[in-house]
Amino acid sequence: MAGVLVVAEHLRGQVRPVTLELVTAAKDVGGPVTVLVIAKDPSALTGQVDVAGVDEIVTVAVEAEEFENDVYQAALEAVIAERQPDAVLLGFTVNSMDFAPAVATKLGLGYASDVFAVSPEGGSLVAQRSYYGAKVNAELEFPGKDCVMLLLRPTSWAPAEGSGSANVTELAAPAVESHARHVDFEEVPQGDVDITTAEFLLSIGRGVGEKDAIGQFEELADRMGATLSVSRPIVDAGWMTNARQVGQSGKTVKPKVYLALGISGAVQHLAGMKTAGTIIAVNTDPEAAIFNVAHYGAVADLFEVADELEK
Amino acid sequence: MKIVVCAKQVAMLGDEVEFTDDGRSVDPDYLDFALNEWDTFATEEALQIRERLGGEGEVVVVTAGDDNAEEAMRRCLAMGADRGLRISIDEIADRDPISIARALAQVIEKEQPDLVFCGVQSADSVQATTGVALAELLGLPRVAVVRKLDYDHDAKKACVSRELEGGLIDVVEVDTPAVLTIQTGINEPRYATLRAIKQAEQKEIDVVEAGDLGEPAASMRRMFVPAKGEGAEMLNGSPEAVAQRIAEIVKERLA
Ligand SMILES: Cc1cc2nc3c(=O)[nH]c(=O)nc-3n(C[C@H](O)[C@H](O)[C@H](O)COP(=O)(O)OP(=O)(O)OC[C@H]3O[C@@H](n4cnc5c(N)ncnc54)[C@H](O)[C@@H]3O)c2cc1C
Ligand SMILES: Nc1ncnc2c1ncn2[C@@H]1O[C@H](COP(=O)(O)O)[C@@H](O)[C@H]1O
């Protein structure tokens, strides 16, 4: 085919938003855009990916009810072999992490993950990703690669819109034995608070240092009329329940004000809060990535600032 | 019973940076080093499984890196891992994760482990790739982003919880031997006592030369400091002045 193969991601009958972002990104790569839907019943999903800019939809009907890495790997490898795309785009998501690197390794593809910009240059691709807590960016090239697989950072491209009229082609599913079988989903427990509806979140991260410090911020949140939220390490340490976790594996929030104390701004944290109305960040590290999304920043010790806020 | 833990020495930048002359990497003088956070959880999980199985078996730590990277491995040995294996590669920061996986696979294959643990990602380069690439090279089943693990050694199976976006749990049954990438929060990594740190000095670390790493999956063109976009408006002055401005901004925005 040459052109771009976009791998749709879906969960329990819904195509995930990142898929439509990949369609937009595919235009940055260039060439016809084919969306691949691997599912038990692809016909229930093809309508959701038939947006403007999609030239063709390829489906592979598999036996597995839900995502299973061996099944997706075999299906994607078969489609790449059949279509010979120049580029394969997936979301940088937990499911992609479970099978995409295996496909790239097996087929010897060019490969990069957590990519947030891509451009064609003289017949080949240049991808951008970041290093060292997003303090440094880099451009990667893929010399000698006929096909490049890129895992793209969610919310880096606008979702494609407008209805399309792509042809649907059905391809056969390769036979495969699944060594990692889906058993069940477990829902996230409801929790004692709903941070997604709060107008003002006071959010603390690993910078608070120790468990004993938490009480101080509960009181400060009360006093300021804020709801307390946290970054993942606070939940991992068992200091707070995950109902209060902001980020990719926690909640996506959009309060009017997000006051971040001692949070570095890792990409998975930003995924949950970067669209907040006003972001204020306090961090001792002047180069912390949180300042790239903040509207107001202070390079300061969070305890000193917190002590003053209490007054 | 044998568990291999892949541990990476990760690099951290402070608030200053200079690049090497070719512009393709950060001058190491500006970097600090530590054991990758995810790999402490992977090491702890391996140690706990061994304890649950009555202390039988071996926990082997493998790293690809220069001799400086042995420091990270010593941390794992101080936690209780038995021995270390270092694949000697300079400038791991210049390598793509699939090439690193090839280096790891060459030595892990010979170990014939029952389980291989990697971290979900390395903090400095956020590839989230090495573990699943390694599984492919070893021809083993794998599961990425494991937040809970129930290993049945006799049945050669494990029941694991994968943590998806939004915290939804995907419960998966996986055949073993397998490669699992371990997510933070799966356990509470132990602290190494001073005595254990001393003892770890005596533990054996084998060094092997890397074999052929194959064609790289990507090559670095240049590194650069990202242009500051709009950027944040910085609040300067004493903590008191900063706090006062924050209180004002909050009040204004909530009005
Ligand atoms: C699949 C996956 C999903 C994830 N999901 C999430 C998620 O949902 N939410 C999430 O938050 N993370 C998530 N993470 C983890 C994420 O990658 C980071 O590890 C995490 O966000 C870091 O949290 P932090 O900023 O609190 O800690 P750190 O990165 O350690 O940052 C602490 C910050 O505090 C500053 N600091 C220290 N002391 C002080 C002081 N006295 N005053 C002021 N500042 C100080 C430091 O300069 C530093 O910037 C996920 C990771 C993976 C792989
Ligand atoms: N140089 C290395 N040596 C040993 N293990 C590594 C190395 N690089 C990556 N890993 C392993 O792969 C995991 C994920 O890293 P990455 O794919 O680089 O994000 C790490 O947590 C380690 O377990």
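Just so it is clear: chains get the letters A, B, ... in the order the sequence lines come, proteins before strands, and each one is counted from 1.
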Per-residue contact mode, B:Gln127 against chain A (heavy atom under 4.5 angstrom): both
Please classify the contact between A:Arg12 and chain B as side chain, backbone, both or neither, with a heavy-atom cut-off of under 4.5 Å. side chain
Shortest non-hydrogen contact from A:Pro255 to A:Ala198? CB-O, 3.4 Å
How are the rings of A:His10 and A:Tyr72 set relative to one another: parallel (under 30°), tilted (30 to 60°) or perpendicular (over 60°)? tilted
B:Pro216, part contacting chain A, at a heavy-atom distance under 4.5 Å: backbone
Is B:Lys157 in contact with chain A via its backbone, its side chain, both, or neither, using a 4.5 Å heavy-atom distance? side chain
Gap separating the CG atom of B:Leu13 from the CD atom of B:Glu18, nearest 0.5 angstrom: 11.0 Å
Can you tell me which of A:Lys135, A:Glu139, A:Glu308 forms the most heavy-atom pairs within a distance under 4.5 Å of chain B? A:Glu139
One option among A:Arg232, A:Lys256, A:Lys106 has the most heavy-atom pairs under 4.5 Å with chain B, and it is A:Arg232
For A:Glu66, is it the side chain, the backbone, both or neither that has a heavy atom under 4.5 Å from a heavy atom of chain B? neither
Please step through salt bridge (charged side-chain N to carboxylate O under 4.0 Å, His left out) for the pair B:Lys8 and B:Asp124, ending with a clear verdict. CA-CA 10 Å; B:Lys8 180 181 175 186; B:Asp124 54 354; 3.0 Å; yes
Heavy-atom pair of closest approach, residues B:Met12 and B:Ala34: CE-CB, 3.8 Å
Output for pair (B:Met223 CE, B:Arg24 CZ), nearest 0.5 Å, gives 10.5 Å
Scored by heavy-atom pairs under 4.5 Å with chain A, the best of B:Ser219, B:Ser125, B:Ala243 is B:Ser219
Looking only at heavy atoms, which two atoms of B:Ala42 and B:Phe117 are closest? And how far apart? O-CD1, 3.4 Å
With respect to chain B, which residue among A:Val299, A:Val183, A:Asn137 yields the maximal number of heavy-atom pairs within a distance under 4.5 Å? A:Asn137
Which value, rounded to the nearest 0.5 Å, describes the distance between A:Ile195 atom CD1 and A:Thr252 atom OG1? 9.0 Å
Measure A:Ala134 against the heavy atoms of chain B and call it side chain, backbone, both or neither at under 4.5 Å. backbone
Heavy-atom proximity to chain B below 4.5 Å, by part of A:Ala294: both
How are the rings of A:His182 and A:Phe185 set to each other: parallel, tilted or perpendicular (split at 30° and 60°)? tilted
Contacting moiety of B:Ile98, where chain A heavy atoms sit under 4.5 Å: side chain
Could you look at B:Ala135 and say if it's the side chain, the backbone, both or neither that has a heavy atom under 4.5 Å from chain A? neither
Under a plain distance cut-off of 3.5 Å, with no hydrogens placed, do A:Arg16 and A:Thr93 share a side-chain donor-acceptor pair? no
Is it the case that A:Glu77 and A:Gln73 place a side-chain donor and acceptor less than 3.5 Å from each other? yes
Going by distance alone, is a donor N or O of one side chain under 3.5 Å from an acceptor N or O of the other, for A:Thr155 and A:Lys274? yes
Does any heavy atom of chain B fall under 4.5 Å from the side chain of A:Leu151, the backbone, both, or neither of them? neither
Greatest number of heavy atom pairs closer than 4.5 Å to chain B - which of A:Asp70, A:Asn95, A:Asp301: A:Asn95
Can you tell which part of B:Leu31 gets under 4.5 Å to a heavy atom of chain A, answering side chain, backbone, both or neither? side chain
In terms of heavy-atom pairs under 4.5 Å with chain A, which of B:Val26, B:Ile249, B:Asp96 leads? B:Ile249
Checking A:Leu109, A:Val88, A:Leu90, A:Val115 against A:Leu150 for side-chain contact (heavy atoms from CB on, under 4.5 Å), the one that qualifies is A:Val115
Highest number of heavy-atom pairs under 4.5 Å with chain A: which of B:Arg162, B:Gln244, B:Glu240? B:Arg162
Shorter than 4.5 Å, heavy atoms on both sides: which option in B:Val225, B:Val242, B:Val143, B:Leu254 has the most such pairs with chain A? B:Leu254
Between A:Leu259 and chain B, with a heavy-atom cut-off of 4.5 Å, which part of the residue counts as in contact: side chain, backbone, both or neither? side chain
Is it the backbone or the side chain of A:Val148 that comes under 4.5 Å from a heavy atom of chain B, or both, or neither? neither
Please name the pair of heavy atoms, one in B:Asp114 and one in B:Thr176, separated by the smallest distance, quoted to 0.1 Å. O-CB, 4.0 Å
Counting only non-hydrogen atoms closer than 4.5 Å, does A:His295 touch chain B with its backbone (N, CA, C, O), its side chain (CB onward), both, or neither? backbone
With B:Cys6 as reference, evaluate B:Thr43, B:Ile108, B:Thr130 under the side-chain contact (heavy atoms from CB on, under 4.5 Å) test and give the passing residue. B:Ile108
Counting heavy-atom pairs under 4.5 Å with chain B, the top scorer among A:Arg129, A:Gln245, A:Gln128 is A:Arg129
Mind ranking B:Ile186, B:Val171, B:Val126, B:Val174 by heavy-atom pairs under 4.5 Å with chain A and telling me who comes out on top? B:Val171
I need the residue from A:Thr278, A:Asp114, A:Val282 with the largest number of non-hydrogen atom pairs under 4.5 Å to chain B. A:Thr278
Under 4.5 Å, counting heavy-atom pairs only, tell me which of B:Gln121, B:Arg102, B:Glu188, B:Glu215 racks up the most with chain A. B:Gln121
